[in-house]
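Take a look at the structure below.
Just so it is clear, the values below take in all heavy atoms, side chains as well, and ignore hydrogens, waters and symmetry mates. Just so we're clear, the structure is a prediction, and the values are computed from it rather than from any experiment.
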Amino acid sequence: MADLNDGGAYAVMGIGNVYRVIKTTEAYYAQFLQDYQRGYSDGSEAVHTTIQSALDATVEGRNDYVVVQPSDTDYDLTAALTMSKKCVHLVCTGGFGYGMGATNACRLHQTTDGQAVIAVSDSAVEIAGFYMKNYQNHSAITIANGSYGLNIHNNTIVMNCTSTTSDPMVAGTGDGGGWGSIERNWIISQSGDDYTIASIITIGAGATGARVCDNEITIGDGATATVGISNAAIKGMTRGNTFGGAGADCTWTHCVAVNGDGNAIGNRGVVADHVLVTGGTNDKSFSDNMNGVNGGLVDDQD
């Protein structure tokens with residue numbers, strides 16, 4: 001069997017360079033460095049002490065992986081982690097295990113005003129296994145125009161919002177997010193008080209074919225969410241998402257908004273007096289969406 005440290009086994013599977021990220025404060029740092037540090041033929045090193053350094057070492061289209069080690073303390077960020085190269089994977093395997101969301105094995109905490117946790121600006125990237133703490137009222141993940149075929153899955157985002165102008169937690173711009181999937185993520189209010197957020201996940205009309213599926217979103221702390229998921233993509237699919245709330249301490253106006261040429265299928269929400277799904281085209285866009293009226297026995301859309 002090939003030595004996993006020499007890259008041979010990875011190469012057989014079509015994987016490029018594998019970069020490992022570990023904090024120098026971890027008790028096993030010296031041993032980890034001895035076991036996994038190596039130089040690649042392009043001059044880069046396998047082990048890094050910051051996530052951005054590892055991302056910078058990747059090469060576009062090589063199918064490189066950045067694997068982040070768990071930690072007892074946050075990975076504090078002072079700028080957004082930039083994913084600007086096609087087909088790069090950013091994962092924490094220690095965060096996997098849930099069918100939806102991630103454990104808090106690796107916490108990415110943005111500490112600087114005006115910065116996202118992760119900024120995506122190229123295609124076919126993967127983000128998975130992370131627990132993200134946004135800077136107050138700012139997005140956790142931004143998706144720039146021109147970023148297609150994304151795979152953003154199995155992350156936990158704990159919302160820190162206080163303002164009536166809070167940004168979406170996942171915010172697409174232009175055609176960002178088209179032909180890709182945002183799925184199996186868990187987004188939940190953690191802090192803030194009496195805030196309003198226009199949309200928690202936002203995908204634009206230009207993001208043709210975007211899928212936002214099987215996510216769980218729960219609000220509380222006096223929050224009002226005008227829309228949970230706004231998927232304005234033509235031929236977009238918003239399926240199997242669930243929307244919860246902390247009793248009388250929160251309000252969903254709508255849970256899902258879709259394009260007239262989009263679909264909302266199998267979504268569930270605790271909306272009693274408001275419409276679960278808005279937008280779309282009657283008899284073409286909707287199926288099996290249920291709100292909280294009469295104990296959830298009503299299929300409800302605008």
Side-chain angles (χ1 to χ4, degrees), residues 139-145 147-150 152 157 159 161 164-187 189 195-219 223-245 250-294 296-302:
S139 300
I141 300 174
T142 59
I143 304 169
N145 189 65
S147 304
Y148 310 123
L150 308 179
I152 300 172
I157 300 173
M159 296 170 57
C161 301
T164 57
T165 56
S166 294
D167 296 332
M169 293 301 101
V170 180
T173 301
D175 58 12
W179 310 108
S181 289
I182 300 169
E183 58 186 36
R184 303 190 308 280
N185 300 287
W186 176 23
I187 304 176
S189 294
Y195 63 92
T196 298
I197 186 165
S199 175
I200 295 172
I201 298 177
T202 299
I203 297 296
T208 304
R211 298 186 299 175
V212 186
C213 301
D214 300 315
N215 300 284
E216 179 180 312
I217 305 177
T218 301
I219 60 173
T224 295
T226 307
V227 174
I229 297 172
S230 177
N231 185 359
I234 295 172
K235 294 182 285 187
M237 173 60 71
T238 306
R239 173 187 51 76
N241 302 284
T242 56
F243 304 86
C250 65
T251 301
W252 288 102
T253 305
H254 305 299
C255 291
V256 175
V258 297
N259 188 287
D261 293 317
N263 292 106
I265 298 175
N267 299 285
R268 301 287 187 271
V270 293
V271 177
D273 298 325
H274 299 279
V275 178
L276 181 77
V277 181
T278 186
T281 302
N282 287 335
D283 301 322
K284 293 185 177 181
S285 293
F286 314 114
S287 178
D288 192 31
N289 299 293
M290 296 252 181
N291 69 8
V293 176
N294 296 326
L297 300 178
V298 178
D299 186 7
D300 190 34
Q301 61 267 337
D302 192 7

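Looking at N215, its side chain never comes within 3.5 Å of a backbone N or O of F243 through a donor-acceptor pair. Between the N291 side chain and the G269 main chain, no donor and acceptor come within less than 3.5 Å of each other. A distance-only check finds no donor-acceptor pair linking the side chain of S189 to the backbone of M159 [under 3.5 Å]. The backbone N or O of G177 sits nowhere less than 3.5 Å from a side-chain atom of S147 that would complete a donor-acceptor pair. Side chain of N259 to backbone of G236: no donor-acceptor contact under 3.5 angstrom is found. In terms of modelled atom types and a separation under 3.5 Å, the side chain of H254 and the main chain of V275 share a donor-acceptor contact.
A salt bridge (charged side-chain N to carboxylate O under 4.0 Å, His left out) with D214 is found for exactly one of R239, R184, R268, namely R239.
Heavy atoms only, all atoms of each residue included: I217 and W252 are closest at CG2-CH2, 3.8 Å. Across L276 and M290, no two heavy atoms sit closer than the pair CD2-O, 3.4 Å. Listed here is the closest heavy atom pair of M237 and I265: CE-CD1, 3.9 Å. What you find for S199 and S230 is that their closest heavy atoms are OG-CB, 3.5 Å. The two residues C161 and I197 have their closest heavy-atom pair at SG-CD1, 4.5 Å. Of all heavy-atom pairs spanning C213 and N241, the tightest one is C-OD1, 3.5 Å.
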TODO: Show your reasoning for whether side chain to side chain contact (heavy atoms under 4.5 Å, CB included) applies to V170 and I143.
DONE: CA-CA 8 Å; V170 180; I143 304 169; 4.0 Å; yes
- [ ] Please assess V256 against N231 for the test side chain to side chain contact (heavy atoms under 4.5 Å, CB included), listing each intermediate value before the final yes or no.
- [x] CA-CA 8 Å; V256 175; N231 185 359; over 6 Å; no
TODO: Using the side chain to side chain contact (heavy atoms under 4.5 Å, CB included) rule, take L150 and I182 through it: C-alpha gap first, then chi angles, then the decisive distance, then the call.
DONE: CA-CA 8 Å; L150 308 179; I182 300 169; over 6 Å; no
Tell me which donor-acceptor pairs under 3.5 Å the side chains of residues 204-211 have, and how far apart each pair is, sequence neighbours excluded?
from: R211; atom 1: NE; to: S181; atom 2: OG; distance (Å): 2.8
from: R211; atom 1: NH2; to: S181; atom 2: OG; distance (Å): 2.6

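Two residues are said to be in side-chain contact when any heavy atoms from C-beta on lie closer than 4.5 Å; V277 and T238 fail this criterion. Residues V258 and N263 are not in side-chain contact: their nearest non-hydrogen atoms beyond the backbone lie 4.5 Å or more apart.
Residue N145 holds its CG atom at 7.5 Å from OG1 of T173, rounded to the nearest 0.5 Å. Interatomic distance, I219 CD1 to I187 CD1, rounded to the nearest 0.5 Å: 12.0 Å.
With sequence neighbours left out, the ring-ring contact (aromatic ring centres under 6.0 Å, His included) criterion links Y195 to no other residue. By the side chain to side chain contact (heavy atoms under 4.5 Å, CB included) test, T142 pairs with A116, A119, S139, sequence neighbours left out.
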